Q: 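Sharing a structure below in structure tokens format, with a few things to ask.
Numbered from 1 within each chain, the chains take letters A, B, ... in sequence-line order. Computed from a predicted model, the values in this text were never measured in an experiment.
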Protein chains: 2
Amino acid sequence: MNSSLRLVTAEPGLSRYASLAQALRARVVAGEWPPGSALPAESQLASEHGVALGTMRRALELLVEQGYIERIHGKGTFVRQGLTGATMLRFFRFDSGTGEVPVSRILQRSRVSAPAAVSRTLGIGAGEPVLRLHRLRLMGGQPRLFEELWLPLDLFAPLAEDDLTEWDDLLYPMFARRVQVHVHRALDDIGFAQLSATQARHLGLPAGHPCAQVQRSAFDRTGRCVEVRTTRGDAHAFHYTVTIT
Amino acid sequence: MNSSLRLVTAEPGLSRYASLAQALRARVVAGEWPPGSALPAESQLASEHGVALGTMRRALELLVEQGYIERIHGKGTFVRQGLTGATMLRFFRFDSGTGEVPVSRILQRSRVSAPAAVSRTLGIGAGEPVLRLHRLRLMGGQPRLFEELWLPLDLFAPLAEDDLTEWDDLLYPMFARRVQVHVHRALDDIGFAQLSATQARHLGLPAGHPCAQVQRSAFDRTGRCVEVRTTRGDAHAFHYTVTIT
DNA sequence: AAGTGGTCTAGACCACTCT
DNA sequence: GAGTGGTCTAGACCACTTG
């Protein structure tokens, strides 16, 4: 129980609380405190680093802003779990707007070597093995979204040959549970296109039908890209709201 | 020079800094410090209200988050000007992607009584008079965006019959300068649709061509809706990026 | 040099959660 | 009641901007 001081060497041009935040973030990312677990109390962290309480609070506030931790009054400070999921629905409005989670059906799963564009986004070597999925999402029995996913095999190998009935409707909680991949941030690029014959068939729409197209890159806490996905759905069901300030 | 104390009665269930922020926001909204002007120094505000410096700083931080003021190290605290403009371009990518401001051409201006949907969004009585505009925006000589705008006449009367050559390419700075309407927040709802024959003609595209459609409501500092606008452009030029955390 | 906001300290006290 | 985070104080000192 040696309570040795952890002094943070002041980075040039960085305030002390910013340096502290950097150091703490590194320990979170390294897994010293796993997702969902509690950090030491702010008072303990402060004395451990030889700074005033207010300074440590500023550092922790930064990590909250950056999405690494969350604080609960009276309980403690916790490492955030990954994103919960169902987020694609934020872009589409189908008639049954009851907030229900779409049912997911895996149409195809194969081990392939990554196409150039995919390996570049995933940040892996050209032609490295990836898991490719075709996935249909249904609401009220109707097929609504068609997805293509690419997952780097080194992280997702256990999911390459299991029973497909073990796949959940929501992927991110499943990724966390079964392969310890926690999606921390996602970047969605929205565009417009027309459905290919194959895509259209799966969605029960005519080929060439206008579709909204969401290209997602998802990242874990270390900043590594762990998923590339393209989602397509009827353009007429698309809507999204942005607030500008 | 009476330095009387301005005590803020603590609202039940509100922290002192939150109450202070509320009180200061009311004075900003009321125009006690006009847009672009400086607030008193934080030290003066603190002693004026009989609170510690740190408490006043927390209050001012809140107003920064909410977009009412901005602080510049070494200079002071200033009431924010309205949004600058050119923001529609965030949704489209045309070949000449040089960040140039699109040239604006007013095609039509008329005084009409507000349609039901418009008067509802503007929060004015049914059939109240509004200024309706059709506006084309061009980049590199090519027509790219077609806009319909509705402005409540009580605020924009001076713009109802002036020389149209006095209209700028960017509306919001002009609104601030000529009718003292400062747009503080805007809400954009994105969807996909097809161009009507008239819309298509203005954009040099075939009728029924797919288009991205942005429906904007713009608000001033008091929270009043001061503009309703629909912007349409070629769906293939549309793109938008969202980060999820 | 004077005035501004930004950082940091070392406390006290309050509000919430759990047992 | 013990432990947590949230608020508030009354200072000191630093960094930036302007005359």
Side-chain angles (χ1 to χ4, degrees), chain A residues 1 3 5-25 28 33 36-80, chain B residues 1 3 5-25 28 33 36-80:
Chain A
M1 282 313 169
S3 68
L5 241 61
R6 266 182 184 268
L7 290 182
V8 170
T9 58
E11 304 280 331
L14 264 193
S15 53
R16 191 167 310 184
Y17 70 82
S19 303
L20 281 169
Q22 237 179 29
L24 290 171
R25 182 171 56 244
V28 168
W33 303 293
S37 70
L39 269 65
E42 59 179 14
S43 55
Q44 188 183 329
L45 284 173
S47 64
E48 202 175 294
H49 290 81
V51 298
L53 202 68
T55 305
M56 182 53 74
R57 282 186 64 77
R58 292 274 274 147
L60 293 169
E61 274 167 29
L62 268 187
L63 295 190
V64 169
E65 277 173 34
Q66 294 166 4
Y68 291 94
I69 61 174
E70 60 188 336
R71 319 196 68 187
I72 304 178
H73 193 172
K75 294 188 69 172
T77 304
F78 303 87
V79 179
R80 270 190 49 179
Chain B
M1 281 314 168
S3 66
L5 242 61
R6 265 183 184 268
L7 291 181
V8 169
T9 58
E11 305 279 331
L14 264 193
S15 53
R16 193 167 310 187
Y17 71 81
S19 303
L20 281 169
Q22 237 180 28
L24 291 171
R25 182 170 58 243
V28 168
W33 304 292
S37 69
L39 269 65
E42 58 180 14
S43 55
Q44 187 184 331
L45 283 173
S47 63
E48 202 175 293
H49 290 81
V51 299
L53 203 68
T55 305
M56 182 52 73
R57 284 186 63 76
R58 293 273 274 146
L60 292 169
E61 274 165 29
L62 267 187
L63 295 191
V64 169
E65 277 172 34
Q66 295 167 1
Y68 291 95
I69 60 174
E70 60 189 335
R71 319 196 67 185
I72 305 178
H73 193 172
K75 294 189 69 174
T77 304
F78 303 88
V79 179
R80 270 190 50 180

Q: Strictly below 4.0 Å, heavy-atom distances to any atom of DNA chain C: list the hits from residues 52-61 of chain A, or just say none.
A: A/Ala52, A/Thr55, A/Arg58
Q: May I have all residue pairs that pass ring-ring contact (aromatic ring centres under 6.0 Å, His included) and include part of residues 51-74 of chain B, sequence neighbours excluded?
A: B/Tyr68-B/His184
Q: With a strict under 4.0 Å distance from non-hydrogen atoms of chain A, what nucleotide opens and what nucleotide closes the contacted stretch of DNA chain D, reading 5' to 3'?
A: D/dG3 to D/dT7
Q: In Å and rounded to the nearest 0.5 Å, what is the CG to CG distance from B/Leu45 to B/Leu24?
A: 6.0 Å
Q: Distances under 3.5 Å only, N/O to N/O: pair up the protein atoms with those of nucleotides 17-19 of chain C.
A:
| from | atom 1 | to | atom 2 | distance (Å) |
| --- | --- | --- | --- | --- |
| C/dC18 | OP1 | A/Lys75 | NZ | 3.2 |

Q: Check residues 54-65 of chain B and write down every donor-acceptor pair under 3.5 Å in which the side-chain atom is one partner and the other belongs to a residue at least two apart or another chain.
A:
| from | atom 1 | to | atom 2 | distance (Å) |
| --- | --- | --- | --- | --- |
| B/Arg57 | NH1 | B/Glu42 | OE1 | 2.7 |
| B/Arg57 | NH1 | B/Glu42 | OE2 | 3.3 |
| B/Arg58 | NH2 | B/Tyr17 | OH | 3.2 |

Q: Identify, with sequence neighbours excluded, every residue that meets side chain to side chain contact (heavy atoms under 4.5 Å, CB included) alongside B/Ser47.
A: none
Q: Starting at CG of B/Leu45 and ending at P of C/dG3, how long is that distance when rounded to a whole Å?
A: 16 Å
Q: Can you see which heavy atom on A/Leu14 is nearest to which on A/Ser19, and at what distance?
A: CB-OG, 3.8 Å
